[in-house]
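Report on the following structure.
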Amino acid sequence: MQGKKAKVVLGVIGADCHAVGNKILNYAFTAAGFEVVNLGVLVSQQEFINAAIETDAQAILVASLYGHGEMDCRGLRERCIEAGIDNTLLYVGGNLVVGKTEFKQIEDKFYQMGYNRVYGPGTLPDQVIADLKQDLAQRGFGCA
Amino acid sequence: MQGKKAKVVLGVIGADCHAVGNKILNYAFTAAGFEVVNLGVLVSQQEFINAAIETDAQAILVASLYGHGEMDCRGLRERCIEAGIDNTLLYVGGNLVVGKTEFKQIEDKFYQMGYNRVYGPGTLPDQVIADLKQDLAQRGFGCA
Amino acid sequence: MNLKNKKWTSDDFLKVRGEVLTQWPTGAEIDLNEAAKYQENIPAYRHFAKRLEQAKQQGQTLTQPRAGVALINEHIKLLNFLLKEGEADLLPTTIDSYTRQNQYQEAQKGIEESLQTGRSLLNGFPAINHGLHGVRQVVESIDAPLQVRHGTPDARLLAEITIAGGFTAFEGGGISYNIPYAKNVSLEKTIIDWQYCDRLVGWYAENGIAVNREPYGPLTGTLVPPSVSNAIAILEGLLAAEQGVKSITLGYGQCGNLMQDVAAIRSLELLADEYFRKHGYQDCFLTSVFHQWMGGFPQDEAKAFAVISWGAAAAALAKATKVIVKTPHEALGIPTKEANAAGLRATKQLLNMLAGQVMPLNYQLQEEIDIISAETHCILAKVFELGQGDFAVGTIRAFQTGVLDVPFAPSERTLNKMLPARDDQGAVRFYDTGNLPFTDDIKAYHCDKMKERGRVEGRMPTFQMVIDDIYAVAKGRLVGRPS
Amino acid sequence: MNLKNKKWTSDDFLKVRGEVLTQWPTGAEIDLNEAAKYQENIPAYRHFAKRLEQAKQQGQTLTQPRAGVALINEHIKLLNFLLKEGEADLLPTTIDSYTRQNQYQEAQKGIEESLQTGRSLLNGFPAINHGLHGVRQVVESIDAPLQVRHGTPDARLLAEITIAGGFTAFEGGGISYNIPYAKNVSLEKTIIDWQYCDRLVGWYAENGIAVNREPYGPLTGTLVPPSVSNAIAILEGLLAAEQGVKSITLGYGQCGNLMQDVAAIRSLELLADEYFRKHGYQDCFLTSVFHQWMGGFPQDEAKAFAVISWGAAAAALAKATKVIVKTPHEALGIPTKEANAAGLRATKQLLNMLAGQVMPLNYQLQEEIDIISAETHCILAKVFELGQGDFAVGTIRAFQTGVLDVPFAPSERTLNKMLPARDDQGAVRFYDTGNLPFTDDIKAYHCDKMKERGRVEGRMPTFQMVIDDIYAVAKGRLVGRPS
Ligand code: B12
Ligand code: B12
C-alpha cells in the first residue's frame with residue numbers, strides 16, 4: 001500500500017459552528033499529503049460514520065470547540081464498532097468540555113470513550129500530522 | 001480637658017522615604033483638628049520617642065511602606081515603656097512587610113509587638129481619624 | 001412568503017406567529033398584550049435602550065459581559081456576581097448552542113444532566129425550555145438592563161419568549177446569525193425569520209416599548225475587514241428599521257490596529273447615520289458596540305489581560321457606546337464567574353482612566369476612515385443595485401455573487417473567495433478582494449499594503465501569511481511574522 | 001571640593017576613590033584594570049548599552065522588570081525566572097533600602113535574618129555586602145543585560161562594586177536619587193557624589209567600555225508634570241555626559257493621558273538631542289525609558305493588569321526604547337516572581353501587538369509637545385542663567401529658589417511650592433506653578449485648564465482636588481472626581 005494517500009474524515013461535531021480551525025486543519029492535512037474528506041461544521045455522529053465507510057478512511061478527526069464535546073462525542077466509538085469500522089482511528093481535539101479544566105482529566109475521559117488521541121486547545125496541525133503518520137505507520141500504512 | 005487639641009506624632013520609620021501618604025495624613029489630621037507633629041520620612045525609633053515626650057503627644061502614628069516594617073517597628077513599644085510614655089497609643093500602617101501577605105497575619109504580628117491599631121495598604125485617613133477619636137474618647141480625652 | 005424589504009402586514013405577522021408559538025410547548029405561555037404591560041413596568045435604569053441613549057449622550061462607554069449557564073438559579077447567581085464583582089453596566093443572557101440550533105430536546109437533556117451532575121453541561125441558558133416564567137424569574141432577580149445574546153439563525157420563538165419575559169434587548173440578524181453560525185441555512189429564510197423578530201420588536205415599539213436590537217457585528221471574529229462588517233451591520237440595521245425597530249446598536253469586532261479600530265467605529269457611526277437618514281429611518285436611535293478581540297486568544301492569563309485591556313482602550317478612544325468584554329479564560333473554556341468579573345474590572349479601570357480622552361483626528365485616522373467608508377459605500381451601492389432598490393433582495397444576490405463575503409465562515413452561503421490578511425502595521429487588509437465590488441484604486445491600495453508587508457518579511461504574500469495572522473494574537477503578536 | 005559642571009581630573013577622582021573603597025570591607029576587592037578586562041569579555045547581547053542602541057535603531061521597545069532579594073542564589077533564581085517566564089529583554093538588580101541609605105550594618109542583619117527565616121527580609125539585593133564575588137556570581141548566572149536599580153543618594157561604592165562586578169548599566173543621578181529618596185541630604189553633595197559615579201563610568205568609556213547610565217525619570221512618581229521631570233532628566237544627562245558618559249537613557253513616568261505621555265517622550269528625545277548637541281556631547285548615544293504608572297496602584301489584580309497594559313500601550317505608541325514594568329501586586333507588596341513575570345508577559349503581549357503602530361502627529365499631540373517643550377526650555381534657561389553658565393551650580397540655586405521643584409518629595413531641599421493636578425482629560429497640569437520660571441502665557445494655559453475642570457466638577461480647584469487625584473488610579477479612575 002506504499003505511496004497510497006491516507007484518507008481522513010474531518011469535521012466539527014454536534015451543534016458546533018466553529019469553522020476556522022477546521023479550515024486550517026483541512027489545509028494543513030491536504031498540504032501534508034493526506035486526502036481529506038472535510039464535512040465542515042455541524043456534523044452528526046452518523047455523518048462521520050457514513051463518510052468514513054463511503055471513503056474507506058483510516059481516521060476520523062473530530063473537533064469540538066463550543067463546550068458540548070462531552071455530550072456530543074460520547075458513543076461514537078460504539079457506532080464505529082456497530083458499523084464494522086472499529087479499526088478506524090478516532091482523534092478528537094479542541095475545547096472539549098465546558099469551562100477551563102485540567103487537561104489530564106479531559107484526556108482520560110475521552111480515552112475512556114474510545115478515542116485514540118485527544119488534543120487540547122492551542123494544538124498546532126503539525127503535531128497532529130506527525131502523530132497520525134506515526135500511528136498509521138504502526139498499523140502498516142505507509143503514507144505520503 | 002474638653003476642647004483641648006489632641007496631639008499626634010507622625011512619621012515614616014526606618015530607611016523609608018515614601019512621603020506621599022505622610023503628607024496626606026498630615027493634612028487630614030490637621031484638618032480634623034489634631035495638632036500634628038510631623039517628623040516626615042526616615043525617622044528613627046528614638047526620634048519618635050523624643051518627639052512624643054517633648055510634645056506630650058497622645059499617639060504616635062508610625063508609617064512603614066517599603067517592606068522593612070517588621071524589622072524597623074520591633075521594640076518601639078518597649079522603648080516607650082522605658083521612656084515612661086507607656087500610655088501613648090501606637091498606631092502603625094502602610095505596606096508593613098515584604099511581599100503580599102494575608103492581612104490578618106500582619107495584624108497579629110504587630111499587635112504582639114505592642115501596637116494598638118494596625119492598618120493595611122489602601123487605608124483612608126478618615127477611618128484612622130475616626131478610630132483615634134474613639135480610642136481617645138475611651139481614654140477620657142475629648143478631642144476637637 | 002416572498003422576500004422584500006417591506007414592513008410586514010399585521011396579517012402576515014399573525015399567521016406566522018401561530019406556527020412559531022407551537023414550536024415548543026412553552027410558546028403557549030405568551031400573551032403579547034400582557035407582555036407589553038409587563039415591559040411597561042420595567043424602570044428606565046433597567047431598560048437597555050434608555051440606558052444606551054443616556055450613555056451616548058454623556059459620552060460614556062458601558063461594559064457588558066457574555067454569560068449563561070443551564071439552570072435558572074445558577075444563572076441568576078452568575079449575573080448578580082458579574083453585576084457586583086464585575087461592576088458590569090449591562091448584562092447578557094447567553095443562550096446555549098442547542099437552543100441556537102432549535103434542538104430543544106437536546107437542550108432539555110442538557111438541563112437534566114446539569115441538574116444531576118451539579119455543573120452546567122450547557123454552554124448557555126436554554127431560555128425556551130425554561131419558558132416565560134423561568135425567564136421572568138431571571139429578569140426579576142437582576143437589577144440591570146438585560147440582553148439576549150445567542151447566534152440563532154431562527155430565533156423567532158426565542159425572541160417571543162425572552163421579550164415577553166422582560167428582556168429589553170435582543171442581539172442578532174438574518175445575515176450575522178446565519179453566515180457565521182450555520183452551515184447550510186438559506187439566507188432568504190433567515191432574513192425572513194429575522195424580519196419576524198424585528199416586526200415583533202416593531203410591535204412593541206408601536207406600543208411604546210423600545211426594545212433594543214443589535215445586529216451581531218464581528219461575524220466570524222477572524223480578520224473580518226471593517227468595511228465588510230460595517231456594510232453588513234448597516235444592512236441589518238436598515239432591515240430592522242423597516243420593520244419598525246427604534247433602537248439599534250451597530251457592532252464592530254476589534255482588529256487590533258488602533259487607528260483602524262477607531263476609524264471603523266467612526267465610519268460605522270457616520271455611514272449608518274447617513275443611510276438611515278437617506279432611507280427615512282431618522283427616528284431610529286443608533287448606538288455602537290465595540291467587541292474586544294474576537295479571534296483566538298493567548299492561553300496565558302496575563303497576556304489575555306493585555307488583549308482585554310487593549311480592547312478596552314480602543315473602545316474608549318473610539319467612544320463606542322458599549323464594549324463587549326472578554327475574559328482571561330477565553331482561550332480555554334467558558335470562564336468561571338471570577339474570571340469573567342476580572343475581565344470586566346480590567347475593562348472598567350481603563351474605560352474610567354480614559355474617560356474624556358478621545359483620539360484626535362490625524363492623517364492616518366482620516367485615511368482609514370476614508371478607505372473604510374469608500375469600501376462600505378461600494379458594497380452597499382452594489383447591494384442596492386443588485387436588489388433593484390431592495391436591500392433584502394440585494395443581500396441575497398450579493399452573497400450569491402460574492403459582493404458580500406465573510407471570511408472563514410462555516411456557511412456554504414458565502415463564496416469564501418475574499419481573503420483578508422494584515423499589513424505591516426497590523427491593519428486588516430484584503431489579500432484577495434474576491435468579488436467585492438471595489439474600485440481599482442481600492443484594490444491597488446490593498447495590493448500595495450500587502451506588498452509592503454511582503455517586502456518587510458522577505459516573502460511573497462501567500463495563504464501561509466493568512467494562517468500566520470490567524471494564530472498571531474494567540475501566539476503573542478498582532479502580525480503573523482515568519483519564524 | 002567645589003561644585004562645578006566640569007570633568008574631574010584624574011587626581012581628584014583617585015583621591016576620593018581612596019576614601020570610597022574603604023566605606024565597607026568589600027571595597028578592597030576592586031581593581032579597576034582587572035574590572036575593565038572582565039567587562040571586555042561580556043558579549044554584546046549581554047551588554048546593556050549595545051542592546052539599547054540596537055533596539056532604538058530597530059524601533060523596538062524592550063521590557064525590564066524591577067527585582068531584587070536578599071540572598072545570592074535566590075536572586076539568581078528570581079532573575080532567571082523573569083528571563084524565562086517573563087520573557088524580559090533586560091534585567092535589573094534592585095538594591096535594598098538599607099544599602100541605599102549606606103546602612104550596611106543593617107543590610108547585614110537583613111541577610112542574616114533572611115538566611116535564618118528562609119524568606120527575604122530585605123526589599124532588594126544588598127550588593128555591597130555580597131561584594132565583588134557575590135555580584136559576579138549573579139552576573140555570570142544571567143544570560144541577559146543587567147542594570148543596577150536603586151535610589152541611593154551616595155552610590156559611589158555601589159557603582160564601584162557593581163560595575164567592576166560586570167553590571168553594564170547603572171541607574172540614578174544627583175538630583176533624581178536625592179530629592180525623592182532622601183530627607184536632608186545636601187544637593188551639592190549628591191551632585192558631586194554622582195559626578196564621581198559618572199566619572200567612573202567615563203573612565204570605563206575611555207577604556208572602550210560603554211556602561212549605560214540612566215537618570216531616574218519618574219522622581220516621586222506622583223503627578224510629576226512632564227516638563228519638570230524632563231528638565232531634570234536632561235540636566236542629569238548633561239552632567240553625566242560632561243564626566244565622559246557615552247550611553248545615557250532618559251526617563252519619564254507615565255501620567256496616564258495618552259497624548260501627554262506620547263508628547264512627553266517625544267519632547268524629551270527632541271530637547272535632549274538639542275541640548276546635548278548645543279553643549280558638545282553629540283557623541284553620547286541617547287535612548288529613552290518609559291515607566292509604567294509609578295503612583296498608587298489599584299489593589300485588585302485585574303485592575304492592576306489594566307494599568308500595566310495601558311502603560312505598555314503608551315510606551316509602544318511613544319516608541320520609547322525600553323519600558324519599566326509594574327506587577328499586579330504593586331499596591332500590596334514586593335511581587336512574587338510569578339506576579340512579576342505576569343506583568344512582564346502582559347507588557348510583552350502589547351508591545352508585540354503594537355509593534356509598528358505609532359501615534360500619528362495631530363493637533364493635540366502637537367499642543368502637548370509644544371507646551372512641554374516651552375516649559376522645559378523656560379526651566380533649563382533659568383537654571384543656566386542662575387548658574388552663570390554652569391548647570392551644576394544652576395541646579396543648586398534653582399532648587400533653592402523653586403525654579404526646580406518636585407511635588408510630594410520627602411526632601412527638604414525642594415521648596416514644595418509647586419502643586420500639580422489633573423485637567424478634565426486627565427493630563428497633569430499645574431494647580432500652582434510655585435516659583436517655576438514660566439511665562440505668563442504658560443501660567444494662563446494651566447490656569448484655564450484647571451478652571452475648565454472645576455467647571456465640569458462644579459467645584460473650585462482646591463487642595464482636595466490634588467488629594468483626589470493622588471488616590472484616583474488606585475480607586476479606578478485617572479481624574480479624582482468628587483463623589
Ligand atoms: C510612589 C511610590 C514610590 C515613590 C515614593 C516617592 C516618595 N518619596 O514618596 C518612589 C518611586 C521613590 C518609591 C521608592 C521605593 N519604593 Co515605592 N511605592 C510607591 C507606590 C507606587 C505608591 C505609594 C504612594 O505614594 N501611595 C499613595 C499614598 C497616598 O498612599 P500610601 O503611601 O499607601 O499611604 C496611605 C495608606 O497606606 C495609609 N498609611 C500609610 N502609612 C500609615 C501609617 C498609619 C499609622 C496609618 C494609620 C495609615 C497609614 O494612609 C495613607 C494615606 O491614605 C507604592 C505601591 C502602591 N501603593 O501602589 C510603592 C511601594 C510602597 N514601594 C515599594 C518599594 C519596595 C520601594 C523601593 C524599595 C523601590 C523598589 N523596590 O523599587 C523604594 C524605597 C526607597 C526607600 N528608601 O523607601 C513597595 C513596598 C513593598 C513592600 N512593602 O513589600 C511598594 C508597595 C511597591 C511594590 N509592590 O513593590 N516608591
Ligand atoms: C472565533 C470564535 C468564535 C466565532 C466562530 C466563527 C466561526 N464560525 O468559526 C464565533 C464568534 C461565531 C463563536 C461563537 C461561539 N463560541 Co466561540 N470562540 C471563538 C474563539 C475566540 C477562537 C476560535 C478560533 O477560531 N481559533 C483559531 C483556530 C485556528 O483554533 P481552534 O479553533 O482552537 O482550532 C485549533 C486547535 O484547537 C486544534 N483543533 C481543533 N479541533 C481539532 C480537532 C482535532 C481532531 C485535532 C487533532 C485538533 C483540533 O487545531 C486547530 C488548528 O490549530 C474561541 C476561543 C479561543 N480559542 O480563543 C471561542 C470559543 C471556542 N467559543 C466558545 C463558545 C462558548 C462559543 C459560543 C457558544 C458563544 C458564546 N458563548 O458566546 C458560540 C458557539 C456557537 C456554536 N453553535 O458553535 C468557547 C467554548 C467554551 C468551552 N469549550 O468551554 C470558547 C473557548 C470561548 C470561551 N472561552 O468561552 N466563537
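In what follows, chains are A, B, ... by sequence order, proteins preceding strands, each numbered from 1.
Of all the listed residues (D:Leu344, D:Leu354, D:Val473), the one sharing the greatest number of non-hydrogen pairs under 4.5 Å with chain C is D:Leu354. No other option in D:Gly356, D:Pro298, D:Ala302 has as many heavy-atom pairs under 4.5 Å with chain C as D:Ala302. The choice from C:Leu478, C:Leu361, C:Leu317 that makes the most heavy-atom pairs within less than 4.5 Å of chain D is C:Leu478. Options C:Gly426, C:Pro360, C:Ala342 differ in how many heavy-atom pairs under 4.5 Å they form with chain D, and the most are formed by C:Pro360.
For C:Leu91, the side-chain contact (heavy atoms from CB on, under 4.5 Å) partners are C:Pro65, C:Leu79, C:Leu82, C:Leu83, C:Ala88, C:Ile142, C:Ala144, C:Leu146, not counting sequence neighbours.
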Below 3.5 angstrom, are there any donor-acceptor pairs between chain D and chain C, and if so, which atoms and how far apart?
unit_1: D:Glu87; atom_1: OE1; unit_2: C:Lys303; atom_2: NZ; d: 3.4
unit_1: D:Glu87; atom_1: OE2; unit_2: C:Lys303; atom_2: NZ; d: 3.0
unit_1: D:Gly256; atom_1: O; unit_2: C:Gln357; atom_2: NE2; d: 3.1
unit_1: D:Leu258; atom_1: N; unit_2: C:Gln357; atom_2: OE1; d: 2.8
unit_1: D:Asp300; atom_1: OD1; unit_2: C:Arg345; atom_2: NE; d: 3.1
unit_1: D:Asp300; atom_1: OD1; unit_2: C:Arg345; atom_2: NH2; d: 2.8
unit_1: D:Asp300; atom_1: OD2; unit_2: C:Arg345; atom_2: NE; d: 2.8
unit_1: D:Lys303; atom_1: NZ; unit_2: C:Glu87; atom_2: OE1; d: 3.4
unit_1: D:Lys303; atom_1: NZ; unit_2: C:Glu87; atom_2: OE2; d: 2.9
unit_1: D:Ser309; atom_1: OG; unit_2: C:Ser309; atom_2: OG; d: 3.4
unit_1: D:Arg345; atom_1: NE; unit_2: C:Asp300; atom_2: OD1; d: 3.1
unit_1: D:Arg345; atom_1: NE; unit_2: C:Asp300; atom_2: OD2; d: 2.8
unit_1: D:Arg345; atom_1: NH2; unit_2: C:Asp300; atom_2: OD1; d: 2.8
unit_1: D:Gln349; atom_1: NE2; unit_2: C:Val473; atom_2: O; d: 3.2
unit_1: D:Asn352; atom_1: ND2; unit_2: C:Gly476; atom_2: O; d: 3.3
unit_1: D:Gln357; atom_1: OE1; unit_2: C:Leu258; atom_2: N; d: 2.8
unit_1: D:Gln357; atom_1: NE2; unit_2: C:Gly256; atom_2: O; d: 3.1
unit_1: D:Val473; atom_1: O; unit_2: C:Gln349; atom_2: NE2; d: 3.2
unit_1: D:Gly476; atom_1: O; unit_2: C:Asn352; atom_2: ND2; d: 3.3

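For chain D, no part of C:Val456 is nearby; none of its heavy atoms comes within less than 4.5 Å. Proximity to chain C is absent for every atom of D:Pro328, based on heavy atoms less than 4.5 angstrom apart.
When all heavy atoms of D:Ala346 and C:Ala306 are compared, the pair lying nearest together is O-CB, 3.2 Å.
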